[in-house]
Structure formats: structure tokens, C-alpha cells
Amino acid sequence: MFKTPRGTQDILPAEQPYWDYVRKTAARVAFEFGYGRIDTPMFEATSLFQRGVGDETDIVQKEMYSFEDNGGDSLTLRPEGTASVCRAYIEHGMQNLPQPVRQYYVAPMFRYERPQAGRVRQHHQFGVEAIGDASATVDAEIIELGFRYLSQLGLSHFTLRLNSLADPEERKPYLAMLHDYFSRYSGDLPKVDLARLERAPLRLLDSKEEATRKIGEDAPRALDYLGDQSRLHWEELTGLLEDLKETYPSFEYQTDHRLVRGLDYYNRTVFEFEPQNAGGQGTMIAGGRYDPLIEILGGPPTPGIGFGSGIERIILELKAQEVPVPQPDELKAVIVSVGPARNAASRLAAELRSHGIATVLAPARSFKAQMRYANQSGAVNAVILGERELEAGVAALKSLRSDTPQVEVPLDKAAATLAAG
RNA sequence: GUGGGCGUAGUGUAGUGGUUAACACGUCAGGUUGUGGCCCUGAAGAUCGUGGGUUCAAUCCCCACCGUCCACCCCA
């Protein structure tokens, strides 16, 4: 028997209210901040991600769905959204638009990973990108957007962590210092982290190993190695975030020098929103500034900042916090009909639908079975159309939700009566 | 990629080294002739994840693989 490929899932009708709710909320909040929707292809040139995400990252090294098409081009199912949006920015000359260019997307992403809670091979992200403005105002705007998104969804009990990774030229000496620092404790480091020390020293800072965390508490902090520009940027940002507390009484953030990033293109501001009782894969929003990226991709030097938010994880959290989500519009009418009235029933169904009344025909079974069907369908009304009604030119309307008595209405009044009720 | 838990009808579970694998929910039908919900009766639905092995005999024991869940890794 066929099954969904590993790490993928069908989103069945019963789940759709959550998806509708999240997508609509995302679109509304993006709109409120002046972000326009962008859709990019689901696959791109493989080299876009190699260059943009970083050749050395795990995503590119071992998680991409890459294939060669019949023309011999190497293509890759996008593992993240930022590279594509930046490619579009360059390709369509968006530097000629008023800056910054604000765009958002809701789209599936693909990574060959081992599935677990909050991690699948096809996941969906709501992402926003503001390209073309280096000022801290935009950093604050993006963070506010993320906060508002979560708040509007009805989520609470989440935290915002914030850090600066400095600019690339400032990071080099910092990384060297970090490496030296941890090397001094190499005897006390667990195996996993010893391996990481050479590969990605920053990663030691957010290690889950107790021993490493302890050592990491006194490790050199990127924030202490910011250059003048980066420092000014940081101070402006934290100032703006303090102001945000005036607008949003529940807004909080904490700077956390252990917050780092796996993707290469980030500089300066990085941030994450996560649930307070986060399990393994809890991060709901992760973002940051990526000033070097556009140039890396062959565009003019152009700053940018954005975030990605995993919809599957948001939905997990909506369920965990028991946030009620709007249910789809209800089915209004099930037409129950027998024998010679079935044709008239079809015509009546078309008539009701043309008035925007959701209508289904009960299956051609016994009368009793049709009534049962109507009851189980969850519809508001049964519309009964039998020989007697047909002769009288009426339909019998019976409420399935209450015990109000059944009424007969002329066929041409049925739509109006149902719409009113 | 590493480690651990788990794989029995659509769903949730029970069960046993040996004849027709059980229960609940769900589905379908019927309970007299045109009225649902409750109730009653019946039916359909499972190669007991797959492939090997042990055994006279395996759904049950062993191994491998696959899948799933969880943690690591990584990340949204």
C-alpha cells in the first residue's frame, strides 16, 4: 500500500481549520506592516542555495533534495525561503523600488532530515523579508511583526531571545578567541562538542550538554566584540525594543549570548521566539539580519533582514495551548428525496447553491438511511422533497439541531427561508 | 548520521507457541409501508508492518529491514 513519503503528511479536512487560521493571520499581520506577498518557484538552481545558504552548512551538505532535470541542470527543492526572495530581488531589479522592499511568503520547504516532533521533511514556513535598509528601525519592525503574529494567533507563554553576531570581519577574531577559550577546556568537553569545536565553535554556545553550558557561561561574548557600527546598531535596536514595551505591555525580550545561527549569511541581529516549555524542536520563529547575502548572490551590496516561522510548529503550539480556532462554515442543507422527486432535488440543490447555501444531496438510499445521513453530516437542516411535496410544490424544512417543528415552504421560497434561518 | 520505545480491521485497544484473532468507536444494512439523534439486530472490514530464522506448529520467541514516535545532530 502506498503511504506518504517519510517525513511528509497529508493535511486532512479535519486539520484544515488550523492551517486556514494560521495562514490568514499571517497574511493579515503582514498586510498590517505593509508587506506584499511573493511566491517563488518550489525549486531553484542548486547553486543558489550553495552560495546563499552556505556550502559548509548541514542544510547544503546533507539535507537538500537535489536532482538533475532532463536538460542536465541541477535543481533543488528549496530548503528555506530567504535565498529565493533575494534572488527575486536581484532578478527583478527591486533596488529600483522604494527601499526597503517588504515581502512575505507562505510556502513549503524541503529538507532531508530525520523526522521527529516538530521536524518533518516537508514543512511550511511563513517568512518575511525587508530588503534594502540597514537601520535598526527595520530590525525592530521585523521583531514587532513576529511578536504581533504570535499574539494575534492567540499564543502566549513564549520568549524572545536576542543576540548580535557582529559583522563578518568582527566575527573572525571573535571566533578565534572562542575557539581558544573552549580549547582550554577540551579535557572537560563531551565528545559531540569536541567535534563541533573545529566545525562550528559558535555552536558550543547553544550546546545541550551540561558541562559545555557551564563552561560556556564565561565564554567570550560576541556582544563584547562588536565594532563601533555594530555596537551603535545594537544599542539603537535595544532602545527601540524598550519602546515597544510601551505599546505592548506583554512584550519582553532577553539578550542571550548563546543564541547563534547555523546558516552562514547572518550578521548582527539574530533572534528567536520559542515556547516557554520548549521541547526539542520548539523554535516558532527564527530570524536575523543578512546584510552580506545579496552581494554574495551577485547583486549590489544591499542589507536585509527577515524571519522564518514553521507553521507545523505553530500549530503544535496552538494545540498545546488549546487556542480555539475558527471552524469552517457549516453545511446548511441536506436534501432528502425519494423516487420521482430526485430530479427536482437536484434542481433545488443547484438553486440553493446559487444563493450561496452549502447543500448536498443525500445518497440514493432508503428514506431512513437518508435521514441518518443528514443527521450525521452535521448540516443545519434537512430539506425533504418527496412525492407529496413535489405535488404540492413545496419542500419540508426540518431543523437537525433543534426540535422546532418542521415547516413546509414553497419551492421558490426555500432558499430565502434557509438563508434567513 | 547516532541512540531508545513502538508496529494487531478506518481509528483506539485486547489477546495467545497450536482449531473460525477479540472488544469499542466508526462504516453499511435492517427494525413493515416517507422522518434523523437513543436503542436493538446483522454485515462488511486484519495476508496480526515486511522478509528470514527457531519450532511438529508463530501474530506471540530470535534476527534483519521498513515504518512510526522520542532524544541527539541540525533546524522552522
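Just so it is clear: chains get the letters A, B, ... in the order the sequence lines come, proteins before strands, and each one is counted from 1. Remember, it's a predicted structure, so these values are computed and weren't measured experimentally.
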For nucleotides 1-4 of chain B, tabulate all protein N/O to nucleotide N/O atom pairs closer than 3.5 Å, reporting atom names and distance.
unit_1: B:rU2; atom_1: O4; unit_2: A:Arg114; atom_2: NH1; d: 2.4
unit_1: B:rG3; atom_1: O6; unit_2: A:Arg114; atom_2: NH2; d: 3.3

Watson-Crick or G-U stems of RNA chain B, 3 or more pairs, under 3.5 Å, by first number
B:1-7 with B:66-72, B:10-13 with B:22-25, B:27-31 with B:39-43, B:49-53 with B:61-65

What protein N or O atoms touch nucleotides 7-10 of chain B N or O atoms at under 3.5 angstrom, if any, and at what distances?
none

For [X], give me all partners under ring pair (Phe, Tyr, Trp, His ring centres under 6.0 Å), at least two apart in sequence or on another chain.
X: A:Trp234; answer: none
X: A:His257; answer: none
X: A:Tyr290; answer: A:Tyr265
X: A:Phe251; answer: A:Phe147

Results of side chain to side chain donor-acceptor pair (under 3.5 Å) for A:Glu113 - residues two or more places apart only
none

Which pairs would a plain distance check flag for residues 10-18 of chain A, meaning a side-chain donor or acceptor within less than 3.5 Å of a matching protein atom at least two apart in sequence or in another chain?
unit_1: A:Glu15; atom_1: OE1; unit_2: A:Lys319; atom_2: NZ; d: 2.9
unit_1: A:Glu15; atom_1: OE2; unit_2: A:Lys319; atom_2: NZ; d: 3.0
unit_1: A:Gln16; atom_1: NE2; unit_2: A:Ile11; atom_2: O; d: 2.9

Do the side-chain N and O atoms of A:His157 and A:Glu317 include a donor-acceptor pair separated by under 3.5 angstrom?
no

Can you pull out the residues from residues 210-217 of chain A that lie within a 4.0 Å heavy-atom distance of RNA chain B?
none

Without placing hydrogens or testing angles, list every side-chain donor-acceptor pair under 3.5 Å for residues 380-398 of chain A, not counting sequence neighbours.
unit_1: A:Glu389; atom_1: OE1; unit_2: A:Gly386; atom_2: N; d: 2.9

Summary of protein contacts for nucleotides 32-51 of chain B, nucleotide by nucleotide, where a base hit scores B, a sugar-phosphate-only hit scores S (4.0 Å, heavy atoms):
--BBBB--------------

Does a side-chain heavy-atom distance below 4.5 Å link A:Ser207 with A:Arg196?
yes

Which nucleotide wins on minimum distance to the side chain of A:Arg313, given the candidates B:rA71, B:rC72, B:rA76?
B:rA76

